[in-house]
Structure formats: structure tokens, C-alpha cells
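Some notes on the structure that comes next.
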Amino acid sequence: MDKKTRTGLFFGISTFAMWGVFPVYFKLLGSVSSTEILAHRIVWSALFLFLFLKCIHKLSNVKRLLRIKKVALLLLATGILIAINWGVFIYAVEQNKIIETSLGYFINPLISILLGAIILKEKLNLALKISLLIVFCAICIQIYALRSLPFISLILPLSFAFYGLLRKKVSIPSFEGLFIETLLLFPIALIYLTYLGSNHKSDFDFSVTGLLLFLSGIVTILPLLTFSASTKYLRLSTIGFLQYISPTLSLLIAVFLYNETLDNYKLVSFMLIWISLALAGLNGIWRKR
């Protein structure tokens, strides 16, 4: 293994490990409402990204992109989608449903494949069709057990898959794109936080909780920096395999740290999804060869 590959693996594993332990961070904010955490995450992410882009002299790119109405509207839509994704994740963590978030992020790559087939008319071979059918069966098991749709396990991958699909339509650097997304939502988040503060309902103060809310912006940006670095050294196929570190860590944290129950129906759903992912992965390897 050469030095570049080792460097890429270090950044890649660090990225997905950080995303995997996100539940621990947001559990520390358990006394704060999920909507307030989301608003702080948007505000501080926008401010830290502004400073970062200013340091690397990329703010001119942001101004250029904002002048293009189509791009601005597209990034407003993707901003709303990523806010939904963040909000649902934070809510799930607070409601002791980390296992459901893990299930959702395991499903995510396959949902992206399905959307590619439906919207972009990408052709699916037999192996991928079987993979998607297995995931459908796993979701049906969840519906049968819960007597309702597993909303968290569906909204997380759907929002992120649509986010990726829309971002694919225009070539926008990741940091500039995320900054514009958070910038467009910044006024709404700031108004909400101002409302909470003026009505003495805010949890933002000079305490550990206040510090954690402030650092939520850095917590958001840091994995993106390491991910960006990893893509310079690793093949996309390698990154594709590394991405399963995150939901695996979240699952282990849910079961062994927060004592969430891994019921039989959840276990069966996970096993089916793992089989589906293995089939899709082997299919990718076979086609590449």
C-alpha cells in the first residue's frame, strides 16, 4: 500500500467514523429541542463555512453562483432537503431511535440506485433488481412489525438520495454548495433562535450545552473536510465500501451504549439489507472486472 492510499484511508475512515459517532454528540444535547439544535447547526455551519471560504479565497465563487437564479433555486431546494435530513436525524437520536437511523443509512445507497433508475432512466441488471426487491421485503417487515411506515428509516435515505440527485444536476464544489444551502436557510434559523431567546425559551447560554450548540457548526464541517481530502487519494469504489462504517458504528452505539432493543424483526430487516448490499457490491466488482 503506497503513501497516498494510506493517507486516503486515514481521511476516509476518519470521516465515516465521525459521522458514525454523531449520535453520541447529539445525545449530549438531549435537554435541547431538536428544532433548536437544527437551527443552531444551520447558523453556525453557515458562519464557519463563511470563514473557511474566506480563508481559501473562494467567496467570489459563491457570489458568482448566487447570481445564477436557477442555481440559487436548486440550492434552496437541496438546502431544505439537507435540513430535513439533519432534523429527522437529531429527532431520532433524541427519541432513542438510533437503530432506525442506522437502518436508513444502510438503505441509502440502494435508494439512490432506485431513484437513478426511475428519474435518470439508468438501467438495472438482474442483480440490482434482486437487491432492491430484498430491500422492499425488509421495509415490508418493518411495516408489519410497527403497523405503520418506518418514517425515520425512509425519510433519511430518501431526503439524502434526492439531495444527491439534485446536486448532481449542476457541478458545484461541495463547500461552496453547502455554504449557499445554509446561507439561504440562515435567516429562518436566526429568526427562530431570536424568537426563542426573546421568550426565554432558548437553551443557548454560557454553559457546556451552549458550547456544544456553538460547536455543532464545526462538527458538521470537519467530516466534510476529511471526506474531501479522502476523495483525492481513494477510488470511489473504496469510498463506497467505507461508507458502511457510519451506520455500523451507529448500530453498535445504539445497542451497546444506549441499550436500544434490537428486536427480531429489526434483526431480520438488517440481515436482508446486508444481503442486498453484498449482492449489489459483488455485482459492482463483477461488472468492473
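One is the number of the first residue; the rest follow in order along the sequence.
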Can you confirm whether more than 12 heavy atoms, excluding those of Phe160, are under 6.0 Å from its CZ atom? no
Find the distance between CG (Leu75) and CG (Leu65) and round it off to the nearest 0.5 Å. 7.0 Å
In the single-linkage hydrophobic clustering (I, L, V, M, F, W, Y; side-chain heavy atoms under 4.5 Å), do Leu73 and Phe162 co-cluster? no
Phe48 ring center within less than 6.0 Å of Phe214 ring center: yes
Quick check on Asn264: does its CG atom have over 12 non-hydrogen neighbours (other residues, nucleotides or ligands) under 6.0 Å away? no
Ile111, Leu133: one ILVMFWY side-chain cluster at the under-4.5 Å cut-off? no
Where is the tightest heavy-atom contact between Ile221 and Ser45, given as atom of each residue plus distance? CD1-O, 3.8 Å
Please find the pair of heavy atoms, one from Asn85 and one from Ser159, that lie closest to each other, and give the distance. ND2-OG, 3.0 Å
Heavy-atom pair with the smallest gap, counting every atom of Tyr163 and Thr78: CD1-O, 3.3 Å
Are Val21 and Tyr25 packed together at the side-chain level, in the sense that at least one heavy-atom pair is separated by less than 4.5 angstrom? no
Kindly give the heavy-atom pair with the smallest separation between Ala189 and Val43, and that separation in Å. CB-CG2, 3.7 Å
Main-chain N/O of Ile99 paired to Glu260 side chain as donor or acceptor, under 3.5 Å: yes
Could you state whether Leu183 and Ile191 fall into the same hydrophobic cluster, counting links through intermediate Ile, Leu, Val, Met, Phe, Trp or Tyr residues with side-chain heavy atoms under 4.5 angstrom apart? no
Take atom OH in Tyr91; do more than 12 heavy atoms of anything else shown fall under 6.0 Å from it? no
Evaluate side chain to side chain donor-acceptor pair (under 3.5 Å) for Thr261 paired with Asp263, printing each intermediate quantity in order. CA-CA 6 Å; Thr261 304; Asp263 298 325; 4.9 Å; no
Can you confirm whether Val32 sits close enough to His40 that some side-chain heavy atom of one is under 4.5 Å from a side-chain heavy atom of the other? no
CZ/Phe11 to OH/Tyr233 distance, rounded to the nearest 0.5 angstrom? 6.5 Å
Has Phe10 got more than 12 heavy atoms of other residues, nucleotides or ligands less than 6.0 Å from its CZ? no
ILVMFWY cluster, Phe270 and Phe136 together (side-chain gap under 4.5 Å): no
Out of curiosity, does Leu184 fall in the hydrophobic cluster containing Leu190 (side-chain heavy atoms, cut-off under 4.5 Å, transitive links)? yes
Mind running side-chain contact (heavy atoms from CB on, under 4.5 Å) on Trp86 and Ile42 for me, showing each step along the way? CA-CA 9 Å; Trp86 287 356; Ile42 291 169; 4.2 Å; yes
Close side-chain approach of Val135 and Leu272, heavy atoms under 4.5 Å: no
Under a 4.5 Å cut-off applied to non-hydrogen side-chain atoms, are Leu277 and Phe106 in contact? yes
If we ignore hydrogens and angles and just use 3.5 Å, is the side chain of Ser230 paired with the main-chain N or O of Gly8 as donor and acceptor? no
For residues Leu103 and Lys266, determine if any side-chain heavy atom of one lies less than 4.5 Å from a side-chain heavy atom of the other. no
Do Leu110 and Ser131 come close enough that some side-chain heavy atom pair is under 4.5 Å? yes
Could you walk me through whether Phe175 and Ile56 pass the side-chain contact (heavy atoms from CB on, under 4.5 Å) test, one step at a time? CA-CA 11 Å; Phe175 292 107; Ile56 62 173; 5.8 Å; no
Ring centroid separation for Phe16 and Trp19, is it under 6.0 angstrom? yes
Shortest non-hydrogen pair, Asp203 vs Ser31, comes out as OD2-O, 3.9 Å
I would like to know whether Phe179 and Val62 meet side-chain contact (heavy atoms from CB on, under 4.5 Å); could you show each step before the answer? CA-CA 8 Å; Phe179 173 60; Val62 173; 3.8 Å; yes
Side-chain contact test, heavy atoms from C-beta onward, threshold under 4.5 Å: evaluate it for Phe22 versus Pro223 and give yes or no. yes
Are any side-chain N or O atoms of Ser112 and backbone N or O atoms of Ala161, one a donor and one an acceptor, separated by less than 3.5 Å? no
Hey, does the side chain of Asn125 reach the backbone of Leu128 with a donor-acceptor pair shorter than 3.5 angstrom? yes
Pairwise side-chain contact, Leu9 with Thr238, heavy-atom cut-off 4.5 Å (strictly under): yes
For Tyr258, does the six-membered ring have the charged nitrogen or CZ of Lys27 within the cation-pi criterion, i.e. under 6.0 angstrom from the centroid and within 45° of the normal? yes
Would you say Thr220's side chain and Ser216's backbone share a donor-acceptor pair under 3.5 angstrom? yes
Point-to-point distance, once rounded to the nearest 0.5 Å, from NZ of Lys201 to CD of Glu36: 11.5 Å
Using modelled atom types only, decide if a donor and an acceptor are shared between the side chain of Gln142 and the backbone of Ser269 within a distance under 3.5 Å. no
Looking only at non-hydrogen atoms, find the nearest pair between Ser102 and Pro247 and report the distance. OG-O, 2.7 Å
Mind telling me whether Tyr105 and Phe89 have parallel, tilted or perpendicular rings, with 30° and 60° as the class edges? tilted
Distance check, rounded to the nearest 0.5 Å: Leu74 atom CG versus Ile180 atom CD1? 10.5 Å
Working for side-chain contact (heavy atoms from CB on, under 4.5 Å), residues Leu53 and Asn61: CA-CA 9 Å; Leu53 291 172; Asn61 287 351; over 6 Å; no
Report the distance from atom CD1 of Ile239 to atom OG1 of Thr231, rounding to the nearest 0.5 Å. 5.5 Å
Just verifying a value: how many Å separate Thr101 OG1 and Ile253 CD1, rounded to the nearest 0.5 Å? 9.5 Å
